[in-house]
Amino acid sequence: MEDISDHQLEELDHLNQLKDNFLSTVSHELRSPITNIKMATQMLKLLVQKDENREKAKVDHYLMILEQECDREINLLNSFLALQQLDAGNYSMSQTPIHLQKVIPQMIEPFLQRIANQQQTLQLEIAANLSVLTVDRNCLEQILSELLTNACKFTPTGEAIAVMLAWKWPSTQSPKIFQLKVTNSGVEIPVSEYARIFDRFYRVANGDRWKYKGTGLGLTLVKKLTEHLGGTIWVESGDGHTCFIVEIPVNNSAFI
């Protein structure tokens, strides 16, 4: 049997590290919501047994916890499933016309209460000449949702989140490009992190690994979905702002 080279040993160590990071992250992210769900369920049982109106506020509070933690579990599983399908090349896609002026506010609406509760502000800007886009709605919605989730998570209190949609046409020979920008203020990403920010399970090195809830899969999923649509994504950060830019080339007929 041939001897294992130093390079092969390094690769094995790298794979083992990835496996350990995976198990650590998944076990933490699965255990925490389940523990909270169990606690909330137990407290609800006690409150129901009391059957007192004055406990209604507490019941509502624990029901909210149950809903939030269930959403976390569903989002985690959906992310794993989507990434597996994208890697396998069997992620389904259906191109449909989307009226952006109407649909984008609907996609953003679930985040409004969270943004208000965290004392952040949100600005939405859709170019007037951007009306109908033919694209896979699920992909677009998941891209926007993950970027907004990321922005909400890392934007400090009192700072702003901006969502901007527009199109650009580099030349008459080039296809139009749909552009989505999600910017948040009050936080920057070091240039040294740019190359790894979209890696699976990666978290910014100078941060507390468990300070922010999440698996480190959101930006990976955004990149995979963007590439699945034939587009590109990158990050720009500086002067107290961080901006994720998604660009997707489309046929001229995609815009009306």
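Taking both residues in full, the closest heavy atoms of Pro249 and Gly231 are given as CD-CA, 4.0 Å, listed atom of the first, atom of the second, then distance. In terms of heavy atoms, Leu229 sits closest to Cys139 at CD1-CB, 3.8 Å. Ala160 and Thr121 get closest at one heavy-atom pair: CB-OG1, 3.3 Å. Taking every heavy atom of both residues into account, Ala127 and Gln101 meet most closely at O-NE2, 3.2 Å. Considering every non-hydrogen atom in both Trp234 and Glu247, the closest pair reads CH2-CD, 3.5 Å. Contact between Pro156 and Gly186 at its shortest, heavy atoms only, is CG-O, 3.4 Å.
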Would Thr134 and Ile98 satisfy side-chain contact (heavy atoms from CB on, under 4.5 Å), going step by step from the backbone distance to the final call?
CA-CA 6 Å; Thr134 298; Ile98 298 176; over 6 Å; no
Using side-chain contact (heavy atoms from CB on, under 4.5 Å), reason through Ile104 and Leu144 one step at a time and then give a plain yes or no.
CA-CA 9 Å; Ile104 295 300; Leu144 179 57; 4.3 Å; yes
Chi angles and distances behind the side-chain contact (heavy atoms from CB on, under 4.5 Å) call for Ile177, Trp167
CA-CA 5 Å; Ile177 295 176; Trp167 69 269; over 6 Å; no
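Looking only at distances, a side-chain donor or acceptor of Ser237 sits under 3.5 Å from a matching main-chain atom of Ile189. Proximity of a side-chain donor or acceptor of His228 to a complementary backbone N or O of Thr226 within less than 3.5 Å is not detected. Of the possible polar contacts, one joining the Thr220 side chain to the Asp199 backbone as a donor-acceptor pair under 3.5 Å is found.
The distance from atom CD of Glu188 to atom OG1 of Thr242, rounded to the nearest 0.5 Å, is 6.5 Å. Note: Leu140 CG to Leu165 CG = 7.5 Å, rounded to the nearest 0.5 Å. Within the model, atoms OG of Ser192 and CD1 of Ile197 stand 10.0 Å from one another, a figure rounded to the nearest 0.5 Å. To the nearest 0.5 Å, the span separating CG on Leu130 from CE on Met164 amounts to 13.5 Å. Atom CD1 of Ile126 and atom CG of Leu100 lie 6.5 Å apart (nearest 0.5 Å). For the atom pair Ser145 OG and Met107 CE, the distance stands at 9.5 Å (nearest 0.5 Å).
You'll find the side chain of Arg114 stays beyond 4.5 Å of the side chain of Asn117, heavy atoms only. Side-chain atoms of Ile108 and Leu124, non-hydrogen and from C-beta on, do get closer than 4.5 Å to each other. Looking only at side-chain heavy atoms (C-beta outward), Phe198 and Ile233 come within less than 4.5 Å of each other. At least one side-chain heavy atom of Leu219 sits less than 4.5 Å from a side-chain heavy atom of Leu147. With contacts defined as side-chain heavy-atom distances shorter than 4.5 Å, the pair Phe244/Asn184 does not qualify. You'll find the side chain of Glu159 stays beyond 4.5 Å of the side chain of Gln118, heavy atoms only. Within the 4.5 Å cutoff, no side-chain heavy atoms of Lys176 are placed close to those of Lys168. Considering only heavy atoms from C-beta on, Ile161 comes within 4.5 Å of Cys152 through its side chain.
Under the 4.5 Å side-chain heavy-atom criterion for Ile, Leu, Val, Met, Phe, Trp and Tyr, Ile245 and Val235 are members of distinct hydrophobic clusters. Taking hydrophobic clusters as Ile, Leu, Val, Met, Phe, Trp and Tyr residues chained together by side-chain heavy-atom distances below 4.5 Å, Val182 shares a cluster with Leu112.
Taking a cutoff of 4.0 Å between a charged side-chain nitrogen and a carboxylate oxygen, Glu125 and Lys181 do not qualify as a salt bridge.
Inspection of the Gln142 and Asn138 side chains reveals no N or O donor paired with an N or O acceptor under 3.5 Å.
Remark: of the listed residues Leu221, Val246, Val135, Leu148, Val246 is the sole one forming a side-chain contact (heavy atoms from CB on, under 4.5 Å) with Ile143.
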